[in-house]
Number of protein chains: 2
Amino acid sequence: MTRARRESAGRPRRPTMVDVAREAGVALRTVSRVVNNDPTVGPEYVTKVEAAIAALNYRPDDRARQLRTGVTGTIGAAVRRIAEVNPELAAIERTARDSGLTLLAASTDFDEARERDILISMCRQRLDGIIVEPFGENHAYLQPELDAGMPLVAMDRPMSGVSVDCVMSDNASGIGIAFHHLHRHGHRRIAYIGDSERVFSGRERAAAFRAALRAHGEGVEGLVHPGEITAERVAAALETALRGPEPATALVTGNMDTTLTVLRQLGPQAAARLALVGFDEVPLADLLQPALTVVAQQTAEIGRTAVELLRARMADPARPVQTVVVPVALKVRGSGELPA
Amino acid sequence: MTRARRESAGRPRRPTMVDVAREAGVALRTVSRVVNNDPTVGPEYVTKVEAAIAALNYRPDDRARQLRTGVTGTIGAAVRRIAEVNPELAAIERTARDSGLTLLAASTDFDEARERDILISMCRQRLDGIIVEPFGENHAYLQPELDAGMPLVAMDRPMSGVSVDCVMSDNASGIGIAFHHLHRHGHRRIAYIGDSERVFSGRERAAAFRAALRAHGEGVEGLVHPGEITAERVAAALETALRGPEPATALVTGNMDTTLTVLRQLGPQAAARLALVGFDEVPLADLLQPALTVVAQQTAEIGRTAVELLRARMADPARPVQTVVVPVALKVRGSGELPA
DNA sequence: GTGAAAGCGCTAACAC
DNA sequence: GTGTTAGCGCTTTCAC
């Protein structure tokens, strides 16, 4: 009766294994064996079953298989942005695919509530594991899921409130490298503009820059400008850094958004004269004039490691929690080598 | 016994509705009602059940719900690249979310076999619908899925071998706009470099460019260069177009990859002198010198429409197949307004 | 209003 | 080797 109802609703019923078994004249179990390539099935049965499958256009229902076996063969990635340049995500996808895992990717969109919705939904779907580029400030609500055995790995930033595996860049070294590169090219007043210190990486990078200034006996005043990345805030920071009594001759930007905002605020002429090293790779950096010197994160390595950590956790839920720090690399292209 | 085995394997068992019902001292059905916010449950039952849920850290298993109800609440997007700038995908995600649908995004990665694997896998998962940016040349293998009622929408390109809803840009108009813009700025020898004519959009755009040339009484020889987008091929095309006896004074590029390859091949100085209009928006187009004039696709509109078409198809499997053509828009920024 | 029982489509015991 | 049976965790008839 259920069936009759559904058919009359307009949607054609899909054949199930039962239908295939009847069509082939074999038992349900045999069809299941053929579908799963069980080598212990007699070849004549294989032929019969495959014929029936083709005749009915049968497609196994993965949902039922997943419910029965308990595994989905799918891992989730909750990143701040899919649909933007995101080499970590690309590496995650590649690595997952190579491991025979399907990737379910979703954007948290810099929204704490949305991040929570997505993570909870992934848990309800009983995905085999989750990689998250955390955004929210408190993830204690995930503790029950972790207790229930859900494998979870943090990428780019650690999580607060729960203890999970994590892979991230060596932010402090990257800022140090940028500073020293400019210093070596003769600059003595070097300024920093970057993300808000409410954000983990913003905090780490601003602190590392202050440390670099102090290590060279320089004062900090007027040179370190963390904060929201808006045109107004960045313009004000540039004004302070470059127009004061002791103007900076070089600039380090703390992430890609900052770099682009700075370039747009300065305009092509001024930008071409300012020594600049950006943290994070920038698309088309090589086409700008001068081409942009950056400290690049090893994004492919980060994404790959995230999947490796996740797989290790899936294989052994009891293994100790691990944090992997990936080194960064300076890409010398021109803007960072301008003289003072 | 099964349970004991699984527990001994190290993975803690998650509580099910049965456990919640026992804990709360109510029937299974009542727990289901509470979980689904059925308003006909007595308030004291709601309290008891919610207490039990909290006590056990119960999370419903979506797989079981999906199997039972037949719907997943999830649509799939098989695009050529997630993890690259992909405004269509961003719009799909936004629109899907606004409709209460989860998005499962996967990269076909310009690989026909992979596209096939992904689409078949999405069908096996019985997703509620699929949006595909088709890459392969023959999708007849999807016919059984369509017959079985799987809603499917093509984006950016039509599909061959099956008849499905489609949303795409007005390629021909876009090329015409680019040509006329350069023509209006005094150029008479205008060349075209673009994607291979094996690709649908490459075919449409090259044909439109030839038509524009002819409409202005110009010859075609040496001016139209469709083909693979490699540094060598583009360099050769540039050589032919710009260094011949009648060198072109302006150039139309057929997609983003072509535009970037041309800019890299020319180098900053030569690029700054060539009148250029690109098809497709380019990241950081405003930061180049001169800023890049492009024919931009209305990507947000395309992604939104793809979801709308899919939802319409899900609601009414019998509705006639529809193709939506979205207009393009010229973005005047500098490179396309250089004199001859 | 609530509760018992059937069943979504599949896989895994177990006997044959 | 193959067939029968139970059950994954949930929703949904139906009687109460």
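Sequence lines set the chain letters: A, B, ... in the order given, protein chains first and strands last, and positions in each chain run from 1. Predicted model only: the values in this text are computed from it and were never measured.
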Can you measure [X] atom [atom1] to [N] atom [atom2] for me and round it to whole angstrom units?
| X | N | atom1 | atom2 | result |
| --- | --- | --- | --- | --- |
| A:Y58 | C:dG9 | OH | P | 10 Å |
| B:I53 | D:dC10 | CD1 | C1' | 13 Å |
| A:D62 | C:dC10 | CG | C1' | 10 Å |
| B:R29 | D:dT13 | CZ | P | 9 Å |
| A:D19 | C:dG9 | CG | C1' | 11 Å |
| A:D38 | C:dC10 | CG | C1' | 15 Å |
| B:M17 | C:dA6 | CE | C1' | 16 Å |
| A:R124 | D:dC8 | CZ | P | 20 Å |

Checklist outcome for this item: Residue pair B:T69/B:T40 against DNA chain C: nearer the 5' end by closest nucleotide is B:T40
Item to check | Nearest-nucleotide 5' precedence on DNA chain C, A:D61 against B:A27 | outcome: B:A27
Item to check | N/O donor-acceptor pair, side chain A:R68 with base C:dG9, under 3.5 angstrom | outcome: no
Checklist entry - For B:D109 and A:R97, what are the C-alpha separation, side-chain angles and deciding distance, and is it a salt bridge (Lys or Arg N to Asp or Glu O under 4.0 Å)? => result CA-CA 12 Å; B:D109 220 2; A:R97 191 194 317 165; 3.3 Å; yes
Item to check | A:D128 and A:T72: side chain donor to acceptor below 3.5 Å | outcome: yes
With heavy atoms under 4.0 Å as the rule, sort [X] into base, sugar-phosphate or nothing.
| X | answer |
| --- | --- |
| B:N36 | sugar-phosphate |
| B:R33 | base |
| B:V35 | nothing |
| B:R65 | sugar-phosphate |
| A:V18 | nothing |

Checklist entry - Between B:D19 and B:R22, is the closest basic N to carboxylate O distance under 4.0 Å? => result yes
Checklist entry - Charged N to carboxylate O under 4.0 angstrom, A:E44 versus A:K48? => result no
Next on the checklist: I'd like to know if the side chain of B:N86 reaches the main chain of B:R81, judged simply by a donor and an acceptor atom lying under 3.5 Å from each other, with no hydrogens or angles considered.
Outcome noted: yes
Under 4.0 Å from OP1 or OP2 of [N]: is there any side-chain N or O of [X] that close?
| X | N | answer |
| --- | --- | --- |
| A:S32 | C:dC10 | no |
| B:Y45 | C:dG3 | no |
| B:T30 | C:dG3 | yes |

Checklist entry - Hey, are the side chains of A:Q322 and A:R313 touching, using non-hydrogen atoms and a 4.5 Å cut-off? => result no
Item to check | Nearest-nucleotide pick for B:L67, side chain only, options being D:dC8, C:dC8, C:dC10 | outcome: C:dC8
Checklist outcome for this item: Judged by nearest nucleotide, the residue sitting upstream toward the 5' end of DNA chain D, A:L28 or B:L28, is A:L28
